[in-house]
Amino acid sequence: QVQLVESGGGLVQAGGSLRLSCAASGRPSSSYVMGWFRQAPGKEREFVAAISWRGSTRYDAAYVKGRFTISRDNAKNTVFLQMNSLKPEDTAVYYCAADPSAVIANTVREYDYWGQGTQVTVSS
């Protein structure tokens, strides 16, 4: 089992920045693909970004490209999501997820482990 705990969410004005963190524990999560997803009220959970276990490959959703950056520190078993130029439509609960496969995926069903989520609210 892998346990994931997100932190760093909060309330920010449009144009502001937040940095989310996801601390992983349990099985060797440093070898997993790690991803971030988000879910706004009344909407399905959607992909935000993912990173390979070495950190050499990143994949971002089109609507965050150029604004959000995913990174990881395997020595600390932590994944980050730096979010800049935030917009009100970025408001959602953000979830960290782990995928034991070696292939980066952008669908919910590919990820086996999930955190409890952290709320991000962007005011206009």
**Request:** Could you grab the distance from atom OG1 of Thr78 to atom CE of Met34, nearest 0.5 Å is fine?
**Result:** 9.0 Å
**Request:** List the atom of Tyr111, the atom of Ala50, and the distance in Å for their closest heavy-atom pair.
**Result:** OH-CB, 3.5 Å
**Request:** Determine, step by step, whether Thr91 and Gln119 satisfy the side-chain contact (heavy atoms from CB on, under 4.5 Å) criterion, reporting the C-alpha distance in whole Å, the side-chain angles of both residues, the deciding distance to 0.1 Å, and the verdict.
**Result:** CA-CA 8 Å; Thr91 294; Gln119 177 69 47; 4.0 Å; yes
**Message:** Could you tell me if the side chain of Val122 sits less than 4.5 Å from the side chain of Met83, heavy atoms only?
**Reply:** no
**Item:** Option from Val2, Val108, Leu4 for which side chain to side chain contact (heavy atoms under 4.5 Å, CB included) with Trp114 holds
**Value:** Val108
**Request:** Evaluate the criterion side-chain contact (heavy atoms from CB on, under 4.5 Å) for residue pair Val64 and Arg38; output intermediate values, then yes/no.
**Result:** CA-CA 12 Å; Val64 303; Arg38 67 186 185 187; 4.2 Å; yes
**Request:** Write down the atom of Ser17, the atom of Gln82, and the distance for their closest heavy-atom approach.
**Result:** CB-NE2, 4.0 Å
**Prompt:** Roughly how far apart are Ile70 CD1 and Cys96 SG, rounded to 0.5 Å?
**Reply:** 8.0 Å
**Prompt:** From Cys22 SG over to Gln3 CD, what is the distance, rounded to the nearest 0.5 angstrom?
**Reply:** 11.0 Å
**Prompt:** What distance separates Ser85 OG from Asp90 CG, expressed to the nearest 0.5 Å?
**Reply:** 9.5 Å
**Asked** Could you give the distance from CZ (Phe80) to CD1 (Ile51), rounded to the nearest 0.5 Å?
**Response** 10.5 Å
**Request:** Using a 4.5 Å cut-off on heavy atoms from C-beta on, say whether the side chain of Glu6 contacts that of Tyr94.
**Result:** no
**Message:** Is the shortest side-chain heavy-atom distance between Tyr95 and Gln39 below 4.5 Å?
**Reply:** yes
**Prompt:** Are Val120 and Tyr63 linked, directly or through other ILVMFWY residues, by side chains that come within less than 4.5 angstrom of each other?
**Reply:** yes
**Message:** Please give me the minimum heavy-atom distance between Ser21 and Trp36, naming the atom from each residue.
**Reply:** O-CH2, 3.7 Å
**Message:** Less than 6.0 angstrom separating the ring centers of Phe37 and Phe47, yes or no?
**Reply:** yes
**Asked** Taking C-beta and beyond as the side chain, do Leu81 and Val48 meet within less than 4.5 Å on heavy atoms?
**Response** yes
**Prompt:** With no hydrogens and no angle check, is any side-chain donor or acceptor of Asn74 less than 3.5 Å from a backbone partner on Trp53?
**Reply:** yes
**Fill in**
Closest heavy-atom pair, Tyr32 versus Ala98, reported as atoms and distance to 0.1 Å, is CD2-CB, 3.7 Å
**Message:** Does Lys76 have more than 12 heavy atoms from other residues, nucleotides or ligands lying within 6.0 Å of its NZ?
**Reply:** no
**Request:** Would you confirm whether Thr121, through its side chain, and Leu11, through its main-chain N or O, come within 3.5 Å as a donor-acceptor pair?
**Result:** no
**Item:** Arg67/Asp60 salt bridge by N-O under 4.0 Å criterion
**Value:** no
**Request:** Calculate, to the nearest 0.5 Å, the distance between atoms CG and CG belonging to Asn84 and Leu18 respectively.
**Result:** 9.5 Å
